Amino acid sequence: MLLVPFIKENKDKVVKLLKIKNFHNTDVLNQIIDTDEARKNTQKKLDETLTKSKSIAKEIGGLFKSGKIDEANIKKKETGVLKDLSKTLSEELQSLKDEVTGLLLKIPNIPHHSVAAGNSESDNEIIKTVGEIPKLYSGAKPHWDLTDKYDIIDFELGNKITGAGFPVYKGKGARLQRALINFFLDEATAQGFREVQPPLLVNSDSGYGTGQLPDKDGQMYHVGIDDLYLIPTSEVPITNIYRDTIVNAKDFPIKNTAYSQCFRREAGSYGKDVRGLNRLHQFDKVEIVVIEHPEKSYERLEEMSEYVQSLLKKLELPYRLLRLCGGDTSFTAALTYDMEVYSAAQERWLEVSSVSNFENFQANRLKLRFKDENGKTQLAHTLNGSALALPRIVAAILENNQTPEGIKIPKALIPYTGFDIIN
RNA sequence: GGAGAGGUGGGUGAGUGGCUGAAACCGCAUGUUUGCUAAACAUGUGUACGGGAGACUGUACCGGGGGUUCGAAUCCCCCUCUCUCCGCCA
């Protein structure tokens, strides 16, 4: 959520930047500014009214104490008008506040100055491509055939038990998953991240805190009977650890990592995008979340990007690094880097990580603050990234490393899998 | 699911109608003293929204919402969460 004073002071800039994010309804900004002005006026009137009421109440108290009951009763009559007035004003104030918040919730974060305009994926900027595209032998197959051939991931079984998008990992397939999770967690820990195990269901306050609500309501599984949401990413519970807190600036950067399963309804997805492991309703992910001083957040973003790339290098996967264009950058993010690995049999790039700086957009919703050098409280910056999402990594490992003899496990992973080939 | 108890500032915890934005203790910050550390002492230490160049100041906030009252942390109602016991269960 953007800050009203910021909008007020930088209106032209905000309008311009929101256009990069494909947000053109800039009348809302004026509406916010006007409504907030009205809010201030109302608050002022309310404060004045309450001040009067309070002082009369004090007088009456004094009169009662000194036994001047008659005078007190006369004074009492004065309060009626003030009471009605303050009631009206406070109702008015509340509705103005709600209106401002409601409008603010509709406005996406403004992009970082390096973010280019653009409408879709195809406008994303490729910063670099790393690694060799593997040349596959003639009998090479896409991963959904390999998983059948080696009996390691069973999509049909998942269909039976739950539905599409909930595969069953079996034998070496399951072991490979576990190996990747442990590998990612160990790497993150070595990088100074604290490992946490968060809840997989969250309440709506948490959903609003990180911005999934109200924007992406339909994308989360909702447990109606208890009004809880299955997390679409552990970003939600991890970041919400710090909701309504004032952290100590000395603790920056605050680095947490978690493995969790993630649940996404993926309403509206279809075709080759959902084939095999490409897009699932339930998947595994190790997430990294950082809370940082506003002046250091972009430095930290680069560091996180480097870290994620180091994982891809260790897994010997060819990848490319993208800076997302305005239209493809999420509602809450100011700048996002995507990492895509090349899946050789599908002959396409698959997104396996998104690393984003949200600046103070989430922090404002979360009320996540810190005390700065001057003792003033201000909003912190939040960042997060996948490090990494498993299914597409698995898909790329299976496809890229297939040989007539079987699928070779990347060296870095062998200590975790306990085997070096799936055959 | 049933019964009961309770939610007060960073923490523990006092506070049953006005002088309580809130005691006390702990923690934390700063200062003094002392080779360092520690200890002791002193002072300070909530958040939000307004006003003011600033010192400072107004209002709100004691789980959330509503009510009673001239006046509510304190009384009443609803909700919610936590804890204890019973039931169920990994």
Side-chain angles (χ1 to χ4, degrees), chain A residues 1-9 32-105 197-209 213 223-229 237 240-252 254 261 291 360 363-380:
Chain A
M1 202 157 69
L2 298 179
L3 293 156
V4 178
F6 178 82
I7 295 175
K8 212 177 271 184
E9 284 159 32
I32 288 171
I33 293 169
D34 294 345
T35 311
D36 191 60
E37 245 353 274
R39 190 217 94 221
K40 273 192 204 175
N41 286 330
T42 306
Q43 177 150 65
K44 208 170 170 182
K45 282 188 221 154
L46 210 211
D47 285 357
E48 284 164 4
T49 312
L50 287 171
T51 308
K52 277 186 210 157
S53 299
K54 277 179 84 167
S55 77
I56 292 175
K58 265 189 188 158
E59 279 180 55
I60 292 173
L63 290 171
F64 270 124
K65 233 167 232 180
S66 49
K68 296 173 184 166
I69 312 292
D70 292 342
E71 279 184 53
N73 284 328
I74 293 165
K75 277 272 170 199
K76 272 193 195 179
K77 286 175 190 150
E78 285 182 35
T79 61
V81 184
L82 292 173
K83 211 174 159 183
D84 289 345
L85 181 59
S86 59
K87 191 171 179 184
T88 320
L89 286 170
S90 66
E91 279 166 7
E92 203 177 299
L93 179 65
Q94 192 54 50
S95 86
L96 287 167
K97 277 186 182 170
D98 290 346
E99 195 180 328
V100 172
T101 310
L103 293 170
L104 283 172
L105 284 174
Q197 273 193 25
L200 304 184
L201 280 89
V202 295
N203 57 32
S204 58
D205 283 348
S206 294
Y208 277 98
L213 291 174
V223 182
I225 193 168
D226 292 308
D227 194 21
L228 296 172
Y229 294 86
N240 272 282
I241 291 173
Y242 301 95
R243 170 153 50 88
D244 287 321
T245 56
I246 298 178
V247 300
N248 198 329
K250 280 190 294 195
D251 295 334
F252 285 144
I254 298 172
Q261 298 186 310
I291 294 161
N360 65 20
N364 189 24
R365 294 190 177 197
L366 291 160
K367 301 294 165 244
L368 196 190
R369 290 99 82 217
F370 72 100
K371 282 218 191 296
D372 66 18
E373 305 70 32
N374 306 316
K376 287 193 73 175
T377 51
Q378 55 167 306
L379 295 169

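All values below come from the heavy atoms of this structure, side chains included, with hydrogens, waters and symmetry mates left out. These figures come from a predicted structure and were not determined experimentally.
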Of G46(B), C70(B), A29(B), the nucleotide closest to the side chain of K371(A) is G46(B)
Watson-Crick/G-U partner (both atom distances under 3.5 Å) of [N]:
N      : value
A5(B)  : U82(B)
G27(B) : U45(B)
C62(B) : none
A90(B) : none
U16(B) : none
A22(B) : none
C75(B) : G67(B)
U32(B) : A40(B)

Nearest 0.5 Å please: distance from the CG atom of L104(A) over to the CD1 atom of I32(A). 4.0 Å
I need the I74(A) CD1 to I69(A) CD1 distance, nearest 0.5 Å. 12.0 Å
Within the 3.5 Å criterion, strictly below it, is a donor on D47(A) or Q43(A) matched to an acceptor on the partner's side chain? no
Which pair of heavy atoms, one from [X] and one from [Y], lies closest together, and at what distance?
X       : Y       : value
N240(A) : S206(A) : ND2-O, 2.9 Å
K8(A)   : K40(A)  : NZ-NZ, 3.8 Å
Q261(A) : L200(A) : O-CD2, 4.1 Å
I291(A) : A380(A) : CG2-CB, 3.9 Å

Given atom [atom1] of [X] and atom [atom2] of [N], what is their separation to the nearest angstrom?
X       : N      : atom1 : atom2 : result
I69(A)  : C70(B) : CD1   : C1'   : 13 Å
N73(A)  : G71(B) : CG    : P     : 13 Å
K376(A) : U45(B) : NZ    : C1'   : 18 Å
F64(A)  : C19(B) : CZ    : P     : 16 Å
I74(A)  : C70(B) : CD1   : C1'   : 13 Å
D226(A) : G1(B)  : CG    : C1'   : 13 Å
N248(A) : G27(B) : CG    : C1'   : 13 Å

Kindly give the atom pairs (protein nitrogen or oxygen, nucleotide nitrogen or oxygen) under 3.5 Å for nucleotides 48-59 of chain B.
residue, atom, partner, partner atom, Å
A48(B), OP1, T377(A), OG1, 3.4
C49(B), O3', R39(A), NH2, 2.7
C49(B), O2', R39(A), NH2, 2.7
C49(B), O2', Q43(A), OE1, 2.1
G50(B), OP1, R39(A), NH2, 3.3
G50(B), O5', R39(A), NH2, 3.1
G58(B), O2', T51(A), OG1, 3.3
G58(B), N2, D47(A), OD2, 3.1
U59(B), O2', D47(A), OD1, 3.1

Using the C1' atoms only, state how far U74(B) lies from U20(B), rounded to an integer number of Å. 10 Å
In terms of heavy-atom contacts, does NZ of K367(A) have more than 12 from other residues, nucleotides or ligands at under 6.0 Å? yes
Without placing hydrogens or testing angles, list every side-chain donor-acceptor pair under 3.5 Å for residues 75-90 of chain A, not counting sequence neighbours.
residue, atom, partner, partner atom, Å
K75(A), NZ, E59(A), OE1, 3.0
T79(A), OG1, K76(A), O, 2.6
S86(A), OG, L82(A), O, 3.1
S86(A), OG, K83(A), O, 3.1
T88(A), OG1, D84(A), O, 2.8
S90(A), OG, S86(A), O, 3.1
S90(A), OG, K87(A), O, 3.2

Is there a side-chain contact between R369(A) and V247(A) in this structure, where contact means two heavy atoms from C-beta onward sitting under 4.5 Å apart? no
For nucleotides 63-69 of chain B, tabulate all protein N/O to nucleotide N/O atom pairs closer than 3.5 Å, reporting atom names and distance.
residue, atom, partner, partner atom, Å
G67(B), OP1, K87(A), NZ, 3.2

Residue whose nearest RNA chain B nucleotide is more 5′ - S53(A) or K58(A): K58(A)
